[in-house]
Structures are given as C-alpha cells and as structure tokens.
Amino acid sequence: MSDRLLDWYDRHARVLPWRVSPEARQAGVRPDPYRVWLSEIMLQQTTVAAVKSYFLRFTERWPTVSDLAAAADEDVMAEWAGLGYYARARNLLKCARVVATEHGGAFPDTREALLTLPGIGPYTAAAVASIAFDRPETVLDGNVERVMARMYAVEDPLPGSKPQLHELAGQSTPAERPGDYAQAVMDLGATICTPRNPACGICPWMGGCRARDLGIASDLPRKTRKKPKPVRHGHVWIARDRDGAWLMERRPAKGLLGGMLGWPGTDWSEDAPEAQPPFPATWQELGEVRHTFTHFHLRLTVHATRVAARPVDGLWIGPEAFSPNDLPTLMRKAHALAAGAEALEPAPAPGV
DNA sequence: AAGGCGTGGAG
DNA sequence: TCTCCAAGCCT
C-alpha cells in the first residue's frame with residue numbers, strides 16, 4: 001500500500017523550499033535538519049502558503065541554527081510577526097540556543113532526544129526524525145489523522161480517537177523511505193484527501209479506502225463541536241511625538257501576543273473596560289478594529305494624538321526604526337487605521 | 001487534561 | 001458575515 005503512495009509522491013510531490021529536489025534525493029542527498037526543523041515549527045497549525053515567504057526570509061537571514069541562536073530576541077520576534085502563535089518563535093529561539101550550546105550546533109537524530117527540546121512535541125519529533133534522519137517514526141498530524149480515519153472508516157470522533165489513529169498510522173509506516181512516506185501522506189491529505197470535497201477519483205489509495213466504499217469520506221473524521229467565541233472589548237492609544245516617534249510597548253513574554261510589540265492600551269474583557277489613556281492629551285477616537293483570535297473576537301477602539309514633547313517615558317520608536325511589518329496583525333490593523341488620521345499630522349507651526 | 005494560543009483562506 | 005480549519009505545543 002505504501003508503494004503506491006510513494007509512486008504517487010515521486011510523480012506529484014510539491015516543490016517546496018525546505019525539500020531537496022527529487023534528483024538530489026535520488027542521489028542520496030539528505031535534507032538539512034535545521035531547515036526541516038524550521039519548516040516543521042512554522043507549519044504547526046499554519047498553511048504552506050503562509051509559511052513559504054517566512055521560511056525564505058529566516059533562512060536567508062539565519063542560514064544555520066548557530067546563526068539563529070546568536071540572533072537578538074526582538075529581531076526574531078519581528079521576523080515572525082504576522083505568522084501567529086508567537087510562543088513558537090520564543091521556543092524556536094530557545095531550541096536553537098540549546099542545539100548550538102549543548103549539541104555543538106547539530107540537531108539530535110532520534111525522536112526521543114528531539115522530544116526534549118523546546119517547542120518540539122510528538123508530531124515534530126517524529127517528523128524531523130523521519131524526514132531529516134530517515135528513521136521509521138510514526139508521524140501523526142491533522143492530515144494523517146484524516147487519511148487514516150477515512151482509510152479505515154474510523155467513526156469515533158477526535159480527539160478521543162487519536163490513539164486509535166496513531167496505531168493505524170504506525171501500522172501503515174514502511175521501513176523503507178519513511179521520511180518520504182510521511183511527507184507523501186501529508187501531501188495526500190493537503191491536496192487530495194482534503195477536509196471538504198476530497199478528490200477520491202484521483203486518489204492513489206482509492207482502492208483500499210473504507211470510507212470511500214461507504215460513501216462517507218467527506219464526513220470523516222468526526223469532531224466534537226467547538227465552543228462559540230465570546231466578544232471582548234478594549235482600547236489602544238497611538239501617540240507620536242514632534243519627531244514622528246511612536247509610543248509602543250513590548251508585551252509580556254507569556255500569554256497572548258507574548259513578546260511582541262503593541263500599542264499601549266487596556267485589558268481586553270467582555271464588559272467594556274474603562275478608557276484610561278497613557279497620558280492626558282487631546283485624543284481623537286478613530287474607530288474600531290475587529291480581530292478574531294483562537295478563542296474570542298476582539299473589538300478594539302483606536303485613539304490617536306500628536307504631541308510636541310514626550311509626556312511620558314517609554315518605548316518611543318523613531319520613524320526610521322518603526323515598521324508595521326514588525327507588528328502582530330492586530331496591532332498592524334490599529335496602525336493602518338491611525339496611519340492616515342488627521343490626529344497624527346504634525347502640529348502646525350505656531351504663528352502661521 | 002482541557003483550554004490558551006494567531007492568522008488568513010475557503011466555502 | 002460566519003464557521004471551519006492548517007505539517008501542534010504547553011500547562
């Protein structure tokens with residue numbers, strides 16, 4: 001069964017920046033473990049399309065794990081801005097530093113050793129071990145869960161069925177070319193055995209798929225219902241000084257958007273928090289930014305002002321150093337609303 | 001051991 | 001607009 005899938009993979013594998021070309025692979029070239037690891041961290045809960053440009057920028061700027069280990073925290077967070085799940089970036093740096101200082105810059109080559117590193121869990125440990133080091137580990141991600149649930153018509157819902165799916169995935173993993181096999185199943189799940197409207201007619205595994213035989217492929221895997229997201233409210237205040245510097249904050253290292261730049265503001269709560277600006281001034285209310293996080297909707301009221309002198313100490317970032325690309329998407333939205341606002345225009349020269 | 005943790009695209 | 005969900009990990 002895996003032979004048929006590997007044949008399909010050899011003919012249809014997507015060309016991706018972290019993969020070695022089919023020709024090089026046939027010549028015995030192994031992928032760079034650093035690039036495999038970096039891609040796997042970025043791909044956690046994130047689409048290939050979103051990851052590509054980030055992967056290229058990271059590997060251009062930091063070609064080896066030791067380069068990354070030597071990077072400044074704020075540079076890595078800024079480079080990750082917009083990709084989401086920022087704990088990944090914090091753990092990425094932690095992991096790079098452990099590999100650089102405790103493993104001589106070489107990634108461990110077993111699932112067990114990889115599993116001890118920050119940000120590497122069961123999936124990523126198995127993926128790196130199999131893809132980079134050709135070890136026959138069982139790789140179980142959302143794609144593999146879906147493919148296995150359909151192949152064997154597992155009707156128990158996730159996440160309860162996960163152990164059963166892991167068992168089935170393990171039985172399906174071949175001793176030969178386990179890294180290619182892992183990528184092949186994931187490619188299959190991403191391009192043919194998709195969550196909705198699976199393309200069963202062109203599937204290399206259509207011969208042995210129980211769900212297809214039963215006509216229930218689109219219904220699997222079943223999942224337990226998710227809770228509705230509440231709406232939370234908050235305020236941010238965007239201030240510039242005479243020179244055009246922006247008043248910002250570095251968010252706490254843990255929690256939502258942890259370690260990222262942001263605008264000073266209130267907590268976000270379901271009952272509208274009291275508007276308390278960072279300093280007294282003539283603030284203009286610009287409107288509302290809407291953003292959805294994993295577990296709640298946010299409506300953020302944006303205020304802006306321009307001041308002559310800096311009324312408070314803090315993280316004032318000059319116009320030459322400020323880039324909205326360094327901000328998480330929510331804060332970027334707030335900036336976009338303020339960018340063209342009259343409230344942020346320089347004050348007219350006195351006496352004119 | 002459920003829930004926290006981003007974002008953008010698809011339908 | 002709204003829901004789902006994508007190569008999960010951490011606590």
Side-chain angles (χ1 to χ4, degrees), chain A residues 13-14 16-19 31 35-55 77 80-92 94-95 114-132 137-147 158-160 162-163 166 169 179 181-191 193-197 218-219 221-232 251-260 262 268 290-298 327-333:
Chain A
R14 290 180 290 174
L16 300 172
W18 46 89
R19 286 184 177 168
R35 296 167 65 88
V36 173
W37 162 75
L38 179 61
S39 69
E40 290 300 343
I41 300 297
M42 289 183 166
L43 285 163
Q44 289 168 6
Q45 299 290 285
T46 310
T47 58
V48 165
V51 163
K52 276 183 181 171
S53 65
Y54 284 86
F55 179 85
M77 299 315 287
W80 197 277
L83 196 55
Y85 284 137
Y86 298 99
R88 293 185 296 172
R90 303 193 297 271
N91 286 328
L92 186 83
K94 282 185 199 167
C95 181
L114 288 162
L115 204 44
T116 68
L117 294 170
I120 298 187
Y123 162 75
T124 304
V128 173
S130 69
I131 297 170
E137 302 293 351
T138 302
V139 172
L140 185 66
D141 74 329
N143 289 305
V144 182
E145 287 174 353
R146 184 168 59 255
V147 171
L158 282 166
K162 192 161 178 165
H166 186 276
Y181 170 81
Q183 294 176 89
V185 185
M186 292 190 283
D187 267 21
L188 186 74
T191 62
C193 195
T194 49
R196 281 172 292 200
N197 306 317
S218 296
D219 303 327
R222 303 192 198 284
K223 297 190 178 182
T224 54
R225 287 289 293 180
K226 288 168 184 162
K227 296 198 308 186
K229 300 182 201 298
V231 179
R232 296 188 190 175
R251 295 176 61 81
K254 296 186 175 187
L256 197 61
L257 308 181
M260 300 301 291
W268 304 335
R290 294 187 178 200
H291 193 75
T292 297
F293 292 101
T294 312
H295 53 295
F296 64 92
H297 302 286
L298 179 63
L327 310 181
T329 299
L330 167 67
M331 302 300 175
R332 218 179 281 181
K333 286 182 183 176

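So you know, we letter chains A, B, ... as the sequences are listed, proteins then strands, and number each from 1. Bear in mind the structure is a predicted one, so any value in this text is a computation, not a measurement.
- Taking the side chain as every heavy atom from C-beta outward, Phe55(A) and Val48(A) never approach each other to under 4.5 Å.
- Nucleic acid contact class of Gly82(A) (heavy atoms, under 4.0 Å, all strands): sugar-phosphate only.
- Taking the six-membered ring for Trp, His291(A) and Phe293(A) have ring centres closer than 6.0 Å.
- Leu16(A) comes within contact range of at least one nucleobase, with a heavy-atom separation under 4.0 Å.
- Rounded to an integer number of Å, the gap from CH2 of Trp80(A) to P of dC5(B) is 18 Å.
- If you check distances only, the side chain of Thr46(A) never reaches the base of dG8(C) with a donor-acceptor pair under 3.5 Å.
- One can place NE2 of His297(A) at 16 Å from P of dG6(B), the figure rounded to the nearest angstrom.
- The CG-C1' distance, from Leu330(A) to dG8(B), rounds to 15 Å in whole Å.
- You'll find the ring centres of Trp80(A) and Tyr54(A) outside the 6.0 Å limit.
- For Arg88(A) (side chain) and Ile41(A) (main-chain N/O), a donor-acceptor pair under 3.5 Å exists by modelled atom type.
- When the side-chain nitrogen and oxygen atoms of Tyr85(A) are compared with OP1 and OP2 of dA6(C), none of them lie within a distance under 4.0 Å.
- Within the structure, a side-chain polar atom (N or O) of Arg146(A) is placed less than 4.0 Å from OP1 or OP2 of dA6(C).
- Residue Asp141(A) contributes atom CG, which lies 15 Å from atom P of dC5(C) at whole-angstrom precision.
- Residues from residues 115-128 of chain A that place a heavy atom under 4.0 Å from any atom of DNA chain B: there are none.
- Rounded to whole Å, atom C1' of dC2(C) lies 18 Å from atom CZ of Phe293(A).
- The side chain of His295(A) places an N or O atom within less than 4.0 Å of a non-bridging phosphate oxygen (OP1 or OP2) of dC5(B).
- With hydrogens and angles ignored, the 3.5 Å screen pairs a side-chain donor or acceptor of Arg146(A) with a backbone N or O of Gly189(A).
- Taking side-chain N and O atoms only, His291(A) has a distance below 4.0 Å to OP1 or OP2 of dT7(B).
- Distance from the side chain of Thr329(A) is smallest to dG8(B) among dC5(B), dG8(B), dC9(C).
- Whole-Å rounding puts the Trp37(A) CH2 to dG8(C) P distance at 17 Å.
- Of the listed nucleotides (dG8(B), dG8(C), dC4(C)), dC4(C) has the atom at the smallest distance from the side chain of Arg196(A).
- Nucleotides dC2(C) and dC5(B), compared at atom P, are 23 Å apart to the nearest Å.
- Between the side chain of Thr294(A) and the base of dG6(B), at least one donor-acceptor pair of N or O atoms lies under 3.5 Å.
- At least one side-chain heavy atom of Lys52(A) sits under 4.5 Å from a side-chain heavy atom of Pro17(A).
- Using atom P as the reference point in both dC9(C) and dG8(B), the two lie 22 Å apart (nearest Å).
- Remark: C1' of dG6(B) and CZ of Arg90(A) are 12 Å apart, rounded to the nearest angstrom.
- Residue Pro328(A) is classed as a sugar-phosphate contact, given heavy-atom separations below 4.0 Å to backbone atoms only.
- Within 6.0 Å of atom NZ in Lys162(A), 12 or fewer heavy atoms from other residues, nucleotides or ligands are found, so the atom counts as exposed in its surroundings.
- Of the P atoms belonging to dG3(B) and dC4(C), the separation is 16 Å, rounded to the nearest Å.
- Contact check, Gln44(A) against dG8(C): no side-chain N or O comes under 4.0 Å of OP1 or OP2.
- Nucleic acid contact for Arg251(A): none, since no nucleic acid atom lies under 4.0 Å from a heavy atom of the residue.
- Side chains of Met331(A) and Leu257(A) form a contact here, defined as non-hydrogen atoms less than 4.5 Å apart.
- Nucleic acid contact class of Gly258(A) (heavy atoms, under 4.0 Å, all strands): none.
- Rounding to whole angstrom units, CZ of residue Arg290(A) and P of dT7(B) are separated by 17 Å.
- The side chain of Lys226(A) places an N or O atom within less than 4.0 Å of a non-bridging phosphate oxygen (OP1 or OP2) of dC5(C).
- Contact check for Leu158(A) versus Arg222(A): no side-chain heavy atoms found under the 4.5 Å cut-off.
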